[in-house]
There are 2 protein chains.
Amino acid sequence: MPRVKITEVAREAGVSLSTVSRVMNGNPTVDPVLAERVREVAARLGYTANPLARSLVLGRTQTVSVVIPDLANPTFQAILRGLSHAAAKDGYHVLISDTEEQVHEEREIATTTRRRTDGVILCAPRMPQQELSALLPGIAPAVVINRPPLAEAPTVSADYGVAITELIDHLRGLGHTRIVFLSGAVASASGEARLRAITAATRADAELEVVEIPAGVDFDSGAAAADAVLASGSTAVLAFNDLVAMGLLSAVTARGIRVPDDLSIAGFDGIPFAAYTTPPLTTAAVPAAELGRSAWAAMHALLSGEEPRADETFAPAVVIRESTGPAQH
Amino acid sequence: MPRVKITEVAREAGVSLSTVSRVMNGNPTVDPVLAERVREVAARLGYTANPLARSLVLGRTQTVSVVIPDLANPTFQAILRGLSHAAAKDGYHVLISDTEEQVHEEREIATTTRRRTDGVILCAPRMPQQELSALLPGIAPAVVINRPPLAEAPTVSADYGVAITELIDHLRGLGHTRIVFLSGAVASASGEARLRAITAATRADAELEVVEIPAGVDFDSGAAAADAVLASGSTAVLAFNDLVAMGLLSAVTARGIRVPDDLSIAGFDGIPFAAYTTPPLTTAAVPAAELGRSAWAAMHALLSGEEPRADETFAPAVVIRESTGPAQH
DNA sequence: CTGTTAGCGCATTCAA
DNA sequence: TTGAATGCGCTAACAG
């Protein structure tokens with residue numbers, strides 16, 4: 001495929017390559033007659049400027065890199081989707097990097113991909129705050145997803161704390177006083193927000209007791225936690241996310257436990273499938289696609305030299321379905 | 001962030017820029033002492049070659065573009081994930097484009113992104129064969145996913161026909177003779193493969209009757225088809241995919257129908273969630289991540305000047321769960 | 001073994 | 001308004 005280049009168009013149209021360049025970029029200081037001729041020739045030859053060459057000279061690639069921890073996680077998928085659509089609408093391309101939960105590689109991946117793009121949108125829930133702050137100046141412009149506000153870059157987040165609080169209120173309203181929290185195994189920003197909200201809730205409510213049981217972030221960890229949950233004597237469970245909730249739901253159901261009669265289970269994230277379990281899962285719906293869109297909006301502002309809006313947070317909507325019910329005593 | 005460039009390293013190390021270039025690219029024809037000095041300076045200055053400049057001169061970007069129809073579809077997500085991981089392992093980046101099911105834009109998107117990358121991996125199930133064949137030469141090297149073998153590019157596919165056949169055999173073994181097939185609304189390559197397998201099955205089995213009911217490809221279309229399915233008087237349903245099956249399962253259950261006692265339902269694709277419905281879904285598990293890996297392998301071969309393996313096809317594994325059971329007469 | 005030179009394809013000064 | 005020249009940052013001939 002010997003691609004046609006600007007010089008050929010220039011020769012064919014009988015003008016200099018600068019004129020072709022001007023026409024292709026819509027520079028109005030070109031004689032309309034010449035411009036038309038150039039356009040005709042360009043169309044006939046199927047000419048389009050080489051984006052690599054443009055990138056080199058212009059210093060921008062019309063591409064942003066998105067770094068996420070796990071492409072298998074429905075929430076990150078939804079973030080990517082919202083982001084990708086929004087970026088495409090603005091004529092930008094997306095370079096995707098899945099760090100596969102390798103926290104210690106996030107830094108290098110972000111730095112490396114940044115050099116091929118105009119900025120990076122970073123989703124790194126487990127990266128230590130110090131490392132994150134040290135990393136950001138080197139990859140600016142950057143936008144960070146689901147982390148507490150930062151001095152070095154705008155953030156876009158879901159409010160995990162308020163969602164957990166509402167979920168607890170919901171369970172309390174149903175009479176549950178002893179609740180299990182299935183926490184993610186490794187510390188993450190959103191995990192800490194959850195924990196803080198739980199601590200605040202138990203402080204404010206003398207009758208409430210929350211038992212933390214460490215688990216993972218997927219189906220299997222939810223299922224694996226079933227025995228510990230049942231042994232805890234709790235009447236309700238707050239799962240780290242919907243995947244964990246679904247794994248648990250499946251495992252306890254297999255043990256003959258009735259949900260929600262014997263045990264209430266609430267998930268987190270609001271993935272589409274949560275509506276299709278039996279019983280359908282009560283959960284806090286994180287507006288993941290919206291997070292993605294918003295992250296792009298912030299990046300777009302940064303790239304346009306505008307001031308991005310202050311750190312944005314979205315409140316997840318608690319969706320009450322049938323996996324939670326009155327406590328049985 | 002004023003990035004350090006090769007000339008500064010050269011000056012600082014007291015050598016010419018070509019020497020620096022040689023050292024950075026591991027060219028052995030450099031005095032070890034000089035090489036070491038250059039490396040030391042480069043490290044101290046934090047120098048890394050500008051990938052854009054390299055791309056321009058080398059004519060390769062170390063990036064491939066992946067074009068898929070819908071990032072919200074679990075199967076495409078899994079393909080992307082397998083592909084992305086495999087490419088990363090080989091030091092390649094992935095530029096992702098979601099065409100959002102806009103069939104008429106796939107051509108332009110593929111062509112546009114191709115210019116920023118070294119090749120495109122195309123997943124375009126609905127693009128007319130003619131258009132596809134016309135498109136491919138212009139974007140070579142290309143690899144096509146889930147389409148019949150092509151003259152213009154290697155393909156990597158799941159064998160939808162054999163999977164449907166096995167699913168029908170399974171249902172026939174359970175005594176079902178009147179089966180609904182919930183077909184996707186729009187023609188797609190894999191949809192046609194399903195249809196061909198169904199036609200072959202009914203031809204070979206005089207007692208078997210398959211009723212095609214057009215539906216979409218998501219939850220809602222499955223739910224919306226519930227009444228038509230029940231009115232058909234069939235005892236079993238073959239859904240276009242797991243999403244449709246889940247929507248249908250949910251809707252018929254809400255109508256008091258017992259699955260599989262009153263109605264057997266089989267899905268397709270084997271998305272993770274299919275194991276967590278009630279009852280768990282019988283399905284044909286398409287090895288999507290494997291498809292992605294394999295597509296990358298083919299692309300990698302193409303990029304390395306090797307002959308890619310012939311068109312590869314993977315047989316989905318039929319997973320029998322509890323949503324299918326003996327026919328009741 | 002090392003340095004000098006010439007592009008890669010384009011946008012953009014600067015003169016004319 | 002247009003063209004000639006310069007450079008984006010780098011690699012790869014080509015000499016030395």
Side-chain angles (χ1 to χ4, degrees), chain A residues 1-42 45-63 91 111-118, chain B residues 1-42 45-63 91 111-118:
Chain A
M1 291 188 317
R3 260 278 165 195
V4 32
K5 53 190 67 168
I6 197 170
T7 53
E8 307 178 25
V9 177
R11 182 161 38 72
E12 188 79 7
V15 298
S16 78
L17 87 181
S18 356
T19 297
V20 178
S21 176
R22 290 187 183 106
V23 172
M24 298 310 286
N25 292 308
N27 188 322
T29 77
V30 178
D31 184 292
V33 180
L34 267 194
E36 185 46 38
R37 190 163 85 220
V38 168
R39 264 189 290 271
E40 186 274 319
V41 172
L45 267 46
Y47 170 76
T48 306
N50 180 330
L52 263 56
R54 300 196 80 221
S55 294
L56 183 59
V57 60
L58 293 178
R60 57 186 161 74
T61 60
Q62 295 289 108
T63 304
T111 307
T112 303
T113 62
R114 169 61 179 86
R115 300 213 57 191
R116 332 187 143 256
T117 61
D118 299 340
Chain B
M1 290 188 319
R3 262 277 165 197
V4 34
K5 55 190 66 167
I6 195 170
T7 53
E8 307 178 24
V9 177
R11 181 163 37 72
E12 187 78 7
V15 299
S16 78
L17 87 179
S18 8
T19 296
V20 178
S21 175
R22 290 188 183 103
V23 173
M24 298 311 285
N25 292 309
N27 187 323
T29 80
V30 176
D31 185 293
V33 181
L34 267 195
E36 185 46 36
R37 191 162 84 219
V38 168
R39 263 190 291 272
E40 186 273 319
V41 172
L45 268 45
Y47 170 76
T48 307
N50 179 331
L52 263 56
R54 299 195 80 219
S55 294
L56 184 59
V57 61
L58 293 178
R60 55 185 162 76
T61 61
Q62 294 289 109
T63 304
T111 308
T112 304
T113 61
R114 169 62 179 85
R115 301 209 59 192
R116 333 186 141 259
T117 61
D118 299 342

Residue whose nearest DNA chain C nucleotide is more 5′ - B:Ala53 or B:Pro32 = B:Pro32
Closest nucleotide of DNA chain C for A:Lys5 versus for A:Thr19: which of these residues is on the 5' side?
->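 Here A:Lys5 is the residue nearer the 5' end.
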Starting the side chain at C-beta, find the nucleotide from [options] nearest to [X].
X: B:Leu17; options: D:dT11, C:dT2, D:dG3; value: D:dT11
X: B:Val30; options: C:dT2, D:dG3, C:dC10; value: C:dT2
X: B:Thr29; options: D:dT2, C:dG9, C:dT2; value: C:dT2
X: B:Ile6; options: D:dC10, C:dT2, D:dA4; value: D:dC10
X: A:Asn50; options: C:dC10, D:dT2, C:dT2; value: C:dC10
X: B:Ser18; options: C:dG3, C:dC10, D:dG9; value: C:dG3

Roughly, in whole Å, what's the span from [atom1] in [X] to [atom2] in [N]?
X: B:Arg3; N: D:dG9; atom1: CZ; atom2: P; result: 12 Å
X: A:Glu8; N: C:dC10; atom1: CD; atom2: C1'; result: 14 Å
X: B:Arg22; N: C:dT2; atom1: CZ; atom2: C1'; result: 6 Å
X: B:Asn25; N: D:dT11; atom1: CG; atom2: P; result: 5 Å
X: B:Asn27; N: D:dA12; atom1: CG; atom2: P; result: 9 Å

Please assess B:Ser55 against B:Leu52 for the test side-chain contact (heavy atoms from CB on, under 4.5 Å), listing each intermediate value before the final yes or no.
-> CA-CA 5 Å; B:Ser55 294; B:Leu52 263 56; 5.6 Å; no
Quick one: label B:Leu52 by what it contacts on the DNA or RNA (base, sugar-phosphate, nothing), any heavy atom closer than 4.0 Å.
-> nothing
[X] side, atom [atom1]; [Y] side, atom [atom2] - distance, nearest 0.5 Å:
X: B:Thr7; Y: B:Glu12; atom1: OG1; atom2: CD; result: 11.5 Å
X: B:Arg60; Y: B:Thr117; atom1: CZ; atom2: OG1; result: 14.0 Å
X: A:Arg54; Y: A:Asn25; atom1: CZ; atom2: CG; result: 4.5 Å
X: A:Lys5; Y: A:Leu17; atom1: NZ; atom2: CG; result: 12.0 Å

Selection: residues 54-62 of chain A, any non-hydrogen atom under 4.0 Å of DNA chain C = A:Arg54, A:Val57, A:Leu58
Could you go step by step and tell me if A:Asn50 and A:Arg3 meet the side-chain contact (heavy atoms from CB on, under 4.5 Å) rule?
-> CA-CA 9 Å; A:Asn50 180 330; A:Arg3 260 278 165 195; over 6 Å; no
For A:Tyr47 and C:dC10, is the shortest distance between a side-chain N/O and OP1 or OP2 below 4.0 Å?
-> yes
Which is it for A:Arg37 and A:Glu40 under the salt bridge (Lys or Arg N to Asp or Glu O under 4.0 Å) test, yes or no, and what are the steps along the way?
-> CA-CA 5 Å; A:Arg37 190 163 85 220; A:Glu40 186 274 319; over 6 Å; no
